[in-house]
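For reference, the structure discussed in these notes is given below.
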Amino acid sequence: MRDLAYLKLLAREYPSLKAASSEIINLMAINGLPKGTEYFFSDLHGEYEAFSYLLRSASGIIREKIRQTFGYIIPEEEQVELANLIYYPVRTMSRLTADGRNTEDWQRITVNRLVEICKEVSSKYTRSKVRKKMPKEFAYIIDELLHVDYNEENKRVYYEEIIHSIIETQVADNFIVALCELIQNLSIDSLHIIGDIFDRGPRADFIMDELMRFHDVDIQWGNHDISWMGAATGNPACVCNVLRIAISYNSFDVLEDGYGINLRPLSMFASKVYREDACERFAPKILDQNIYDAVDPGLAAKMHKAIAVIQFKVEGQIIKRHPEYGMDSRLLLEAVDHEKGTVLIEGKEYPMLDMRFPTIDPKHPLRLTTEEAELLHTLVMSFMHSGLLQKHIRFLYSNGAMYTCHNNNLLYHGCIPMREDGSFEEMDCGGRPLAGRELLDYIGDQVHKAYFLAEDDPEKEAARDLMWYLWCGAKSPVFGKDKMTTFEHYFVEDKATHRERMNPYYKLSQQEEVCDRILQEFGLPTVGSHIINGHVPVKIKDGETPVKAGGKLFVIDGGLSKAYQKHTGIAGYTLIYNSHHLALAEHKPFHPNHENTPKVSIVEKMKNRVMVGSTDKGKELRGQIQDLKELVEAYRRGDIKERVE
């Protein structure tokens, strides 16, 4: 029997035996419904337009619903137009109005078609759940239209009168927009983001706004997310890294227009210090044009070099503070011979491609100049006091984790560090060697400490330094390589030095028995469970496949980022898990004016349709049902008095 005090608290919400019994019936009925559709995305990398399209279109599933509903009734051209209306209702309505096509006849036909699609996507949910997702101003009308009995003549007339009234009162445009947004909302029940929201693409801030508006989302942190989270905590190396990557991809809008990071001090410093240096090695990649903050590429190259040099210095300082990281071989500024113009890497000497370092003292290469220190302090403060950035980072903390176990699926971005023999790699964690799930749990705890501990707490600095290690450390689960060769890419021509060796996990995890071992480590059954992974782009053009280990492992980074698409041959994946099957949506490179519907392929059919009662939500509901049954018994025995209203 539950503690009586707890049952009295529960009684505030269900004040009578009838109310508690009704809720038991409701929850049991929900358990008998098909599970909602889960969507898994990975490695969004700031590609806001492409992600927004996939979210609005449910990765092509809405288009499929239209085809199933109207495929033999309306022509293909009208199906495409209906789909685009659902995806972008405000934009499409404005265009139709300008073209003179937004007539009363069009409105009547469109409302009817949208209601049919809405019925299709809402069919697996309770009426109550659908009603909660409806816009308040139209909730009653939409509810009536979705549940009219067409076989009854009076009801059919009633239905037609509702639509006539909508048009006559001139609210049809708003009503159509509301229906479109409801269809979008109902098409995706829950959203899983398997890491790397930030960097490379133009507007990660827009993606974060979109995610914060979504009704049910969880995030598994990637190394690029951790880098931005570290910058928000005030870690100078992470601040430099975030700036360096953004400048290198010409992403000034996200920094200044999005997060209000003042780059003028950096531009002034770079213009002064590198005025005689063209900084050819640091020319930005221009994949997207800035709208609000266009920066001359020559100045951007100078800013890029300036922040990179500062980054190498502060990274070296972190490595010196933490010998347990085992990263002395990455102290490459100390390995540069300024007289010979060479650098010593892993015992071999290489010529440097650039030796113009006006701020580096060869005797103390890791020491910041006074101007660099002042600049870095200003930049760190700008990150720590950016209101929108801090709001987004708090959302990453409240909705994110190193890994998630959900409905017998194990979700994480990078890897579970492993040795060549298949055992889990240990990492020194405050003097304790930890591996596998314990390692990820420890890291998750430290990531929280880096942000939430007070500045004067002695544990904060070590936790904040760890945020940088997670970006590029050999045993970091979100990085998964032996080293980050940023320095070599800038300064050494020999491509052998650019190689970053993948953790053995990436080869071993293609074996079913290894995946089973990982699933067991995280307390999941080996039958019917999957690992869902991102981080490493799947090169379809080279014959790679996202489905590995006999269907136990899904790697869904297929290159949503434009920077990767020439390597992968596609534009990423969505993994879709509904009550019938697991399916992969293969994305096309996004073009605003082209047909972008992904190719959807079923990769695993469920033996039996998956109902809510078989999911984690079902387990939660069964717990609530048990609590309510005990409350009912307490009412019957008189332990708790009913409140009759």
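Treat the numbers as computed from the prediction; the structure is a model and nothing was measured.
- Using a cutoff of 4.0 Å between basic side-chain nitrogens and carboxylate oxygens, Arg203 and Asp205 are scored as salt-bridged.
- Using a 4.5 Å heavy-atom threshold, the side chains of Asp465 and His322 count as touching.
- A donor and an acceptor atom, one from each side chain of Arg244 and His304, are nowhere located under 3.5 Å apart.
- Under the side-chain contact (heavy atoms from CB on, under 4.5 Å) rule, Met427 has a single partner from Tyr442, Tyr325, Tyr469, which is Tyr469.
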message: Apply side-chain contact (heavy atoms from CB on, under 4.5 Å) to residues Phe554 and Lys548 and explain how you reach the verdict.
response: CA-CA 6 Å; Phe554 292 91; Lys548 303 176 187 294; over 6 Å; no
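- With Arg464 as reference, Glu455 is the one residue of Glu459, Gln446, Glu455 to meet the side chain to side chain donor-acceptor pair (under 3.5 Å) rule.
- A donor atom on one side chain and an acceptor atom on the other are not found under 3.5 Å apart for Asp43 and Tyr573.
- Between Phe491 and Val343, the closest side-chain pair of non-hydrogen atoms is not below 4.5 Å.
- At least one side-chain heavy atom of Tyr403 sits under 4.5 Å from a side-chain heavy atom of Arg437.
- When Glu315, Glu346, Glu488 are each tested for a salt bridge (Lys or Arg N to Asp or Glu O under 4.0 Å) with Arg330, only one passes: Glu488.
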Determine whether Met229 and Phe198 satisfy the following criterion, side-chain contact (heavy atoms from CB on, under 4.5 Å), listing intermediate values before the conclusion.
CA-CA 10 Å; Met229 292 160 72; Phe198 289 89; over 6 Å; no
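- Ring to ring, Trp228 and His392 are not that close: their centroids are 6.0 angstrom or more apart.
- Using a 3.5 Å distance cut-off with no hydrogens or angles, the side chains of Asp189 and Thr37 do not pair a donor with an acceptor.
- Proximity of a side-chain donor or acceptor of Lys460 to a complementary backbone N or O of Ala450 within less than 3.5 Å is detected.
- Between Glu372 and Lys313 there is a salt bridge, since at least one side-chain N of the basic residue sits less than 4.0 Å from a carboxylate O of the acidic one.
- Checking side-chain atoms of Asp225 against main-chain N and O of Asp196 turns up a donor-acceptor pair under 3.5 Å.
- Partners of Asp337 by salt bridge (charged side-chain N to carboxylate O under 4.0 Å, His left out), not counting sequence neighbours: none found.
- The CD1 atom of Ile219 sits 6.5 Å away from atom CD1 of Ile193, with the distance rounded to the nearest 0.5 Å.
- Look at Arg200 and Glu47 and you find no salt bridge, because none of the NZ, NE, NH1 or NH2 atoms lies under 4.0 Å from a carboxylate O.
- Between the side chains of Asp421 and Ser423, at least one donor-acceptor pair of N or O atoms lies under 3.5 Å.
- A salt bridge links Lys320 with Glu334: the distance from a Lys NZ or Arg NE/NH1/NH2 to an Asp or Glu carboxylate oxygen falls below 4.0 Å.
- Electrostatic pairing of Glu493 and Arg281 does not count as a salt bridge here, judged by no charged N lying under 4.0 Å from a carboxylate O.
- Taking the centre of each ring, Phe51 and Phe41 come in below the 6.0 Å mark.
- At a threshold of 4.0 Å, the pair Arg321-Glu461 counts as salt-bridged, since one of the basic side-chain nitrogens sits closer than that to a carboxylate oxygen.
- Side-chain atoms of Tyr451 and Gln390 include a donor-acceptor pair closer than 3.5 Å.
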- Message: Could you go through Val336 and Met355, starting from their C-alpha distance and side-chain angles, then the distance that decides it, and tell me whether this counts as side-chain contact (heavy atoms from CB on, under 4.5 Å)?
- Response: CA-CA 9 Å; Val336 174; Met355 284 299 299; 3.8 Å; yes
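- At a cut-off of 3.5 Å, with distance as the only test, a side-chain donor of Glu38 or Asn407 sits close to an acceptor on the other residue.
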